[in-house]
Every structure is written in C-alpha cells, then in structure tokens.
Amino acid sequence: MAQQPQMRTPIESGCPDGFQYMHPVMRKNFGRWKYHEHPGPGVLRHVAYSGDEIWTIRAGTQRILDVFTLRKLCEIGEKYADGYVRFTIRSNIEYMVSDTSKVEPLKQALEEAGFIVGGTKNSVAMMSHTQGWLHCDIPATDASGVVKAMMDELIDEFRNCDMPNRVHMTTSCCQINCGGQGDIAINIQHTKPPKINHSQVSNICERPSVVARCPVAAIRPALVDGKPSLEVDEKKCICCGACYPPCPPMQINDPENSKLAIWVGGNHSNARSAPSFQKLVAAGIPNNPPRWPEATAIVKRILQTYKKDAKDWERINDWIERIGWPRFFELTGLPFTKYHVDNWRGARNSLNASTHIRF
Amino acid sequence: MAKDTHVTPILDELETGPWPSFVSGIKRLRDQHDDGRIRGMANDLLGQLEHSYETRKGYWKGGTISVFGYGGGIIPRFSEVGKQFPESKEFHTLRVQPPAGNFYSTGILRQLADSWEKWGSGLVTFHGQTGNIMFIGANSENVQHFFDEINDYGFDLGGAGPCVRTGMSCVGAARCEMSNCNEHRIHRTLLTRFTDDIHRPALPYKFKFKVSGCPNDCMNAIERSDFAIIGTWRDNMKVDQDEVKAFVAKKGRQYVIDNVTTRCPTNCMTLNNDDTLTVDDRNCVKCMHCLNVMPKALHPGDDKGVSILLGGKRTLKIGDMMGTVIVPFMKMDTDEDYQRIVEIAENTIDFWAENGLEHERCGEMIDRIGLVNFLEGVGLEVDPNMVSHPRKSSYVRMDGWDEEAEKWFRRKAEEKQKAVGA
C-alpha cells in the first residue's frame, strides 16, 4: 500500500506572549505608570513612577494593508522608533519611543509617507469597520470604501482634537453590525426580504437551521414546484440577512433597495453614564459608491451640531441626554418618523412614561 | 504589469483625497510585486471589486476550509464570479491570534509579511473586529502551507464559527496609569485554557473574552463580549492634593466645578475652598470620569481587582444586550485567583454548552432561563450588584424565602468573620 502523506500536527500555542514584542521601557515599568499627558494631536506622553517616560505617536492607516505598506510602516519604525509598534482597536498604528527628540522626526516621516498623525484625545478617531465587498458574504456595501471616503472629509477632525470629547465612528456592511458600536455608526440596512432561488434550496441548505436562524420566525418549510424549499412571511421579515450565510439561495443583497442608516450615541465607556447602545437617527440614505456623499453630509452635520452645542467632556450620548431627543432632531434638521419608535422586545423601556418634556 | 489589467474607473475615485487608500495598496501589489501569482490575484481582486461597485452587490460565498487538526479559524471565500476573475476565485482569510495587547516588533511584522507574500495575496489587516490579524486572500491549497510556516514560529489560528473566539485586551499595565490588573496575563490564561474550544467549534455559538484594565473599557468588553473582565478597585481613590491645586490654578475653579464635580454621576466629590478635593469614596462608582479629566492628580486605589460581566452581544438574535455583572469584584493577585477566574469561565461555558440552543449566545440563554437559574447552574451567589433594582413583578412563587434569607445572613456573617480573621 502507498504510504499516506505525513500531515504536520499543529502546535496549539494559542495567544502569543506580547512581552517579547514590547518596548523595553514599557516592559521595565509594567504596572508602574503614574500619569499621562497629551502634548499635541497624535502624541501621548506617559510618565512612570521610576521617572522613565514613553512617547506614543499614533497614525491612521488604510486598515487593509498591502505588504509594501506594512514594510514601509516597519521601515519607519526601525529608523525612528526603536522597532516597536502596536495597533489599536481602530486599526491605528502606534510607535513608542523613550526619547523626546525622536518624536518630531517620527511624525514627519509618517506624514511624508502618507500616513495621518492624529486620532488621540478629542478627535474623530479612525472608523472601525467590516470587510464589505472585499471579503464578506452578505455585504450590501463596501465598508472600506465608505471609510476611505469619509475619512478624506473628516481628516481635519482626525488631526485636530477640538471636539467636546472623543468621537468613535464605525461602519458595517449589514445590520448584524460586526463593525462595532460607535458614537456614530453608519450601517447598511437591507429593506427587502430575501429572493429565494427555490430550485437550489433543497440541495444547499440545511433547512431546520435556516428556520432556527431567523430572529422573527418568518421562515418556514414549504413545497415549491414539488420540491422541498423554504418560504418567507414577508410581513414579518425584518430583512436582517441572517438566513443568507446558511442558505445562499436566499439572496438578500439588493443593489437598489439596500440603504444606509445612521445610528448615534453608542458609548462603551462607563465614564459618567453607564455604557449605551447606538440609536437610529437617519435612514433611507442612498448606498452611493464610490464616495457616498449623502451619508457623509449627514455625518458631518451631526458632528458640526455636536461640536457647536455639546459641553466639554460630553460624548454624543451625554450631550443628547442633556438636551433631549426632540432637540437633537431639531438641531440636526433630521426627520423623526414612525421607524424611530422601537417595537422590539422590551420597547416599553424606551417610551417616555413621564411628563419630562422640554418646551 | 499583470496581463489584461482590469480597468477600475470607479475604484480609481477612491485614490483621490488625503486619507491613505486601500485601492492604491492593492494596485501596488498588482503593478509592483515580483511574484506573478500576487500580481494576478490583486488584478482579479480589483476586477471583482470594481464589478461589485458597478452592480452594488457582493460576490463571495462561504464554504468549508480548515487546516489539518483544526475545525475552524479560516473564513472561506469562493467567488461567485470566478470565471471572470479566476486568479482570485479562492480568497480565504486566516484569522490569526495576535499577542495580548497587540504588541509587535517590526522584525516579527516583517517575518509575517514574508510568509504571507510567499503563500497569500499580500493583503493583511491589523486587526479585524474580533481581534485577529486578518490575512486576507489565500487559495485553498496555500492555507495549510501558510499556517504551517507561521505556526512554527509561534502564531496560531483564532476562532471562527461556534467556538471560543480570539480574545482582546487593552494596552493596559504596559503603558496606562489607569490599569487595575495584569490584562495580558488574564487574557493569555483564559485563552490558553480554552485553546481546544478555539480550534474545534463545538459550542452553541460564538463566545468572546475581552479584558479592559479599567472601567473606561477601551476594548468595548461590556457591549461586545460574552465574558467581560474589567479592572477596578474597591478602596479609596488616590488624590494628590498638590496636583489638584495645580490643576485648579491652571484651569480655574469654574472649569473644575463644571467638568469634574458636577459630572460625577453620584455627586461624590466636593471642591473645597482651599482648592483641595474631598471624595466620598463610599459612593464612588469608579466610573473613571474624574480620573480621565485629572490623570495627574487622581489615581485608582491600591485594592485592585476585576469585575466580571456576562452576556454582552450585538443584534442577532434577540437584540442588543449589555453584559450583566456576575462577579462584582475579585482580586487578581495570586495563582489561585487566576485558577478561580478560569473555573468561573469553565463553569459558564460548560453550563451554556449543555443548556444553550443552537445559535444562542450565552447572554440570550440567560435571558431565556433567568439569571438566577444560571447562577445556580454555575455555582455563584446572588448579589445586589447584579441588578439595577430589585424585582418589580409580584407574580412570583416565594415559598423558599426563609431559607434564602437565612443563606444571606450566613454569608454576611462568614464574610465578617473572614474580614476580622484577616
């Protein structure tokens, strides 16, 4: 008998130890930091009890990096920053140096190479986002493209730190919302039920798990043209697209009827108020590649209103909490519709059961 | 140049403007890379992406790809328009676990880049929203080769599918004065324990651990993880009164009153006439606001530890849920403390694996069966910190009241005795 090819057994090492890649000054002062300052946009200065200090320079990138760009970032790190970097949750790169004199040349090298120094303190941080048309299997838009188009317009807000507090933005290519919570979230909303290719369903889909996947029990087994298939109660369907991954013949992508929606007030910090989820403020916005000007215009309007009206340290949710939602819609000029009223489980908790009304 | 370069008039628009462009990056791979395989892949990827921009539709579908010995960790992608764009028709993503805290030397980044251009497309993201390094675009055959190569020098796949997912932890004690725990040790201890559950998806649905060193929760753990570990402290915050005075001198009393004392959610701070600060620590909820405003003057106390919150998740399937406090406070000092947190996670995952429905997150299961049933299942005691207020509904059977009250008093007496003994 022919010998079976020998397969390599994986080394199940799990999560690598970050200490081996940590700047020596951070390793030395681990858990012994005293305070930090923000000397300017994109720069942090942390001082340890030992008197040591570490300077962090943060830069925005395009998130989807090609190896040339990655090597360019490495080259800058080797030449100006002792060869140590880290990445933030929003895909910014951070360089750490212990020597003040290295800060300016490093900033300059990053900007010269086309990266944007900023994203610290009260800035509009780089948007976290999903894979979009480049890689997702149910994307109704291209998150990378939306982010590129918006960051082009918001670059001054990334570079400067003159918002009332920090602003975290996210985009997601469907309403399952892998992109994350945000002070402002730009998510696509499918608005039509899936179109079913009945001849394919019985071959491809495990029908009970598709039925189970639907959050509103709108899918049920059906016999179509004598073949086992599925049908959707279109009155119940909320067009979430969750049935598509286990059943690709339930096509949810719709080039005409998938629209962008904007949500605000997501805040994951416990600072001041408890963490909050984002709430719907605008929908029906055209999914208009490659620059999505309509969505960007609304985002900019919300940001300008917030910047003008909010007090120091108020995040978007804190600001709206103070002025009230009616005033938010008035100030931003956005329409309030029946779709803004929650009709999901626990909706009553979001209704006003008081006479607390601002006139 | 690759032969028959696809024209991309719509994508070209995304090369204008000052922000770095991912389209330019993919074009660099298409036009400048030495390897014809990468040039071809980038060309066809751009072709398909342009087609998506034209038609406003995505053209990727899933499938099943894994490496030998594992069941997950790869996001398989096959093109539905592979005939038109054959060189990128298989374009799988490998999810690779990053070091805790996302630290890298440029040396290791270069090594990863070398391996990736040998076997993959040359496109990579630090990091995806689940925390992994996303190596985007390997064909079915090269997935195994790339994994073997990076696995040999210390990198391993993360989770995809119904399994324990890759963890995330903030920069933490490595750089932040607000850190209340060793985020990286907690992260690695938990993830290492569940390595088997990461690689072999056999749970009801995904399960995520995230660690933030303070209640600012930079990792968004409460909203986006099933098991959120948040560093905190329970003694008095440290106030450096000289630094308070210096801050008041610099910013003015009005600023401090408006932005520090009146923004305290429990009104536990007073600015005194001599520009010092009095804190009613008994009522401080460790929200972090005042520490954020005055990081030089105010610091967490010495009695540090963590809170654990369970069940945070986004929309699918019953709507958004925040994590719920299940452990208000525990110390994270000794090896025994680390054993205990692993045990709580084990009990949680075991109970959920037994009782969760298919595609039901842990928080959704708790929602369905009730927190009390869950706590009894995993062996944790109820605590008033777990609720924002006691029950409102009077429709409940309470014939076990006396025993439960007895339990509470016994527990309180034991705690008191322990405190005296210590």
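So that the names make sense, note that chain A is the first sequence line, chain B the second, and so on, each numbered from 1.
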Residue A:Asn177 versus chain B: region with a heavy atom under 4.5 Å: both
Part of A:Arg291 within contact of chain B (heavy atom distance under 4.5 Å): side chain
Test item: side-chain donor near acceptor, A:Thr69 and B:Arg28, under 3.5 Å: yes
Partner chain A: residue of B:Leu49, B:Asp217, B:Leu191, B:Leu14 with the largest heavy-atom pair count (under 4.5 Å): B:Leu14
Evaluation steps, ring-ring contact (aromatic ring centres under 6.0 Å, His included), between B:His299 and A:Tyr35: CA-CA 8 Å; B:His299 296 105; A:Tyr35 68 92; 7.8 Å; no
B:Phe103 ring center near A:His23 ring center (under 6.0 Å): no
Partner residues of A:Lys279 under the side chain to side chain contact (heavy atoms under 4.5 Å, CB included) criterion, sequence neighbours left out: A:Ser276, A:Trp325
B:Tyr59/A:Trp133 aromatic ring centres below 6.0 Å: no
Donor on one side chain, acceptor on other, B:Ser21 and A:Gln62, under 3.5 Å: no
Non-neighbouring partners of B:Phe126 that pass ring-ring contact (aromatic ring centres under 6.0 Å, His included), sequence neighbours left out: A:Phe87, B:Tyr104
Parallel, tilted or perpendicular: ring planes of B:Phe91 versus A:His135, cut at 30 and 60 degrees: tilted
Which portion of A:Arg213 sits near chain B, non-hydrogen atoms under 4.5 angstrom: both
A:Lys148/B:Glu15 salt bridge by N-O under 4.0 Å criterion: no
